[in-house]
Amino acid sequence: MLGCASPMSDELIGKHLGTYLVESRLGQGGMGVVYRALDERLRRTVALKVLPSAFTSDASRRRRFEREARAAAAVTHASIATVYEVGEHEDQVFIAMELVEGATLASRIGGVALPLGAALRIGRDIARGLAKAHERAVVHRDLKPDNVMLTEEGEVKILDFGLARLD
């Protein structure tokens with residue numbers, strides 16, 4: 001999810017997108033910049049994935065962004081980050097979702113093998129989340145260590161349904 005800085009990286013910090021006050025930039029991927037934000041209505045911290053302004057007028061990118069939100073929102077499971085809403089505010093399109101604090105599986109592995117017990121537990125939790133998605137006819141199609149977060153409590157959260165297929 002992390003990538004190079006873009007012109008959009010900091011321009012939203014301190015501003016509102018609907019009821020969300022953007023606090024800081026968390027990272028960037030191919031389809032958007034992710035920010036930490038405060039949902040002022042519900043008083044909870046969320047992750048906001050914002051479609052870059054250059055893409056908001058591109059119908060296919062916008063559809064893909066909205067498909068990502070629909071795919072993730074179609075599945076309720078402890079191993080999948082929860083999507084709260086898809087919104088638009090002053091030509092900014094965003095997805096508000098559960099903020100997952102922790103580290104990616106990629107950074108946790110860091111080129112070193114996990115202990116067998118941890119690897120089995122993580123694999124089991126990923127498999128259970130994907131099984132639930134498949135029950136809902138959602139195929140992730142981009143599962144990789146960068147798209148799996150491990151919370152500070154050791155829970156697994158699958159992120160980024162940007163390439164998902166809804167059957």
Side-chain angles (χ1 to χ4, degrees), residues 1-9 12 22 24-37 45-56 58 60-86 93-167:
M1 180 179 298
L2 299 178
C4 309
S6 77
M8 180 179 158
S9 294
L12 294 177
V22 179
S24 62
R25 180 179 176 271
L26 296 174
Q28 179 175 336
M31 281 297 292
V33 179
V34 180
Y35 296 94
R36 171 189 213 91
T45 304
V46 301
L48 280 185
K49 185 172 186 178
V50 181
L51 186 66
S53 301
F55 297 163
T56 56
D58 181 331
S60 68
R61 288 192 190 245
R62 203 172 164 131
R63 277 193 307 274
R64 179 177 163 197
F65 192 75
E66 291 169 358
R67 182 181 67 227
E68 173 182 354
R70 280 194 312 276
V75 185
T76 302
H77 191 273
S79 295
I80 296 176
T82 303
V83 170
Y84 301 132
E85 80 167 294
V86 176
V93 179
F94 61 88
I95 301 169
M97 65 188 98
E98 173 183 6
L99 176 67
V100 181
E101 307 256 25
T104 66
L105 179 57
S107 67
R108 173 80 196 309
I109 294 170
V112 178
L114 292 171
L116 180 60
L120 290 173
R121 184 188 53 74
I122 291 166
R124 179 201 63 211
D125 291 349
I126 292 170
R128 287 178 175 166
L130 293 176
K132 188 64 161 184
H134 294 173
E135 285 175 17
R136 304 286 303 170
V138 175
V139 180
H140 190 285
R141 297 189 334 158
D142 193 25
L143 185 65
K144 58 188 177 188
D146 283 327
N147 288 340
V148 175
M149 291 287 293
L150 301 176
T151 70
E152 294 165 351
E153 295 79 27
E155 298 170 329
V156 169
K157 293 287 184 172
I158 301 169
L159 308 173
D160 199 349
F161 280 73
L163 298 179
R165 189 179 75 228
L166 296 160
D167 287 333

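Computed from heavy atoms alone, side chains included, the values below leave out hydrogens, waters and symmetry copies.
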Exercise. Can you check side-chain contact (heavy atoms from CB on, under 4.5 Å) on Val156 and Thr151, steps first, answer last?
Worked result: CA-CA 6 Å; Val156 169; Thr151 70; over 6 Å; no
Exercise. Under the ring-ring contact (aromatic ring centres under 6.0 Å, His included) rule, what pairs show up with a residue in residues 105-126, not counting sequence neighbours?
Worked result: none
For this session: Please round to the nearest 0.5 Å and tell me the distance separating atom CZ of Arg121 and atom CD of Glu155.
Result: 9.0 Å
Exercise. Taking all atoms of both residues into account, what is the closest heavy-atom pair of Val34 and Ala47, and its distance?
Worked result: CG1-CB, 4.1 Å
Exercise. Is there a side-chain contact between Leu143 and Val148 (heavy atoms, below 4.5 Å)?
Worked result: yes
Problem set entry | Stepwise side-chain contact (heavy atoms from CB on, under 4.5 Å) check, Phe65 with Lys49 | CA-CA 9 Å; Phe65 192 75; Lys49 185 172 186 178; 3.9 Å; yes
Side chains of residues 124-135: which donor-acceptor partners sit under 3.5 Å, not counting sequence neighbours?
none

For this session: For the residue pair Val22 and Val50, establish whether any side-chain heavy-atom pair is separated by less than 4.5 Å.
Result: no
Exercise. Atom CG of Asp142 and atom CD of Glu68: how far apart are they, to the nearest 0.5 Å?
Worked result: 10.0 Å
Exercise. Taking side chain as C-beta onward, heavy atoms only, is Phe161 less than 4.5 Å from Val138?
Worked result: yes
For this session: Grab the two heavy atoms, one from His140 and one from Leu159, that are nearest each other, plus how far apart they are.
Result: NE2-O, 2.9 Å
For this session: Assess Arg25 against Tyr35: is NZ or CZ under 6.0 Å from the centre of the six-membered ring, and within 45 degrees of the ring's axis?
Result: no
Seminar exercise, completed: For Val46 and Leu99 the tightest heavy-atom approach is C-CB, 3.8 Å
Problem set entry | Point-to-point distance, once rounded to the nearest 0.5 Å, from OG of Ser53 to CG of Leu12 | 7.5 Å
Problem set entry | Closest non-hydrogen atom pair, Thr56 against Arg62 | O-NH1, 3.1 Å
For this session: Search all heavy atoms of Met97 against all heavy atoms of Tyr84 and return the closest pair with its distance.
Result: C-CE1, 3.4 Å
Exercise. With a 4.5 Å heavy-atom cut-off, do Thr76 and Thr82 have their side chains touching?
Worked result: no
Exercise. Can you check side chain to side chain donor-acceptor pair (under 3.5 Å) on Ser107 and Thr104, steps first, answer last?
Worked result: CA-CA 5 Å; Ser107 67; Thr104 66; 3.3 Å; yes
For this session: Scan residues 96-115 for pairs that pass salt bridge (charged side-chain N to carboxylate O under 4.0 Å, His left out), counting only residues two or more places apart or in two chains.
Result: Arg36-Glu101, Glu98-Lys157
Problem set entry | Separation of Arg70 CZ from Arg63 CZ (nearest 0.5 Å) | 10.0 Å
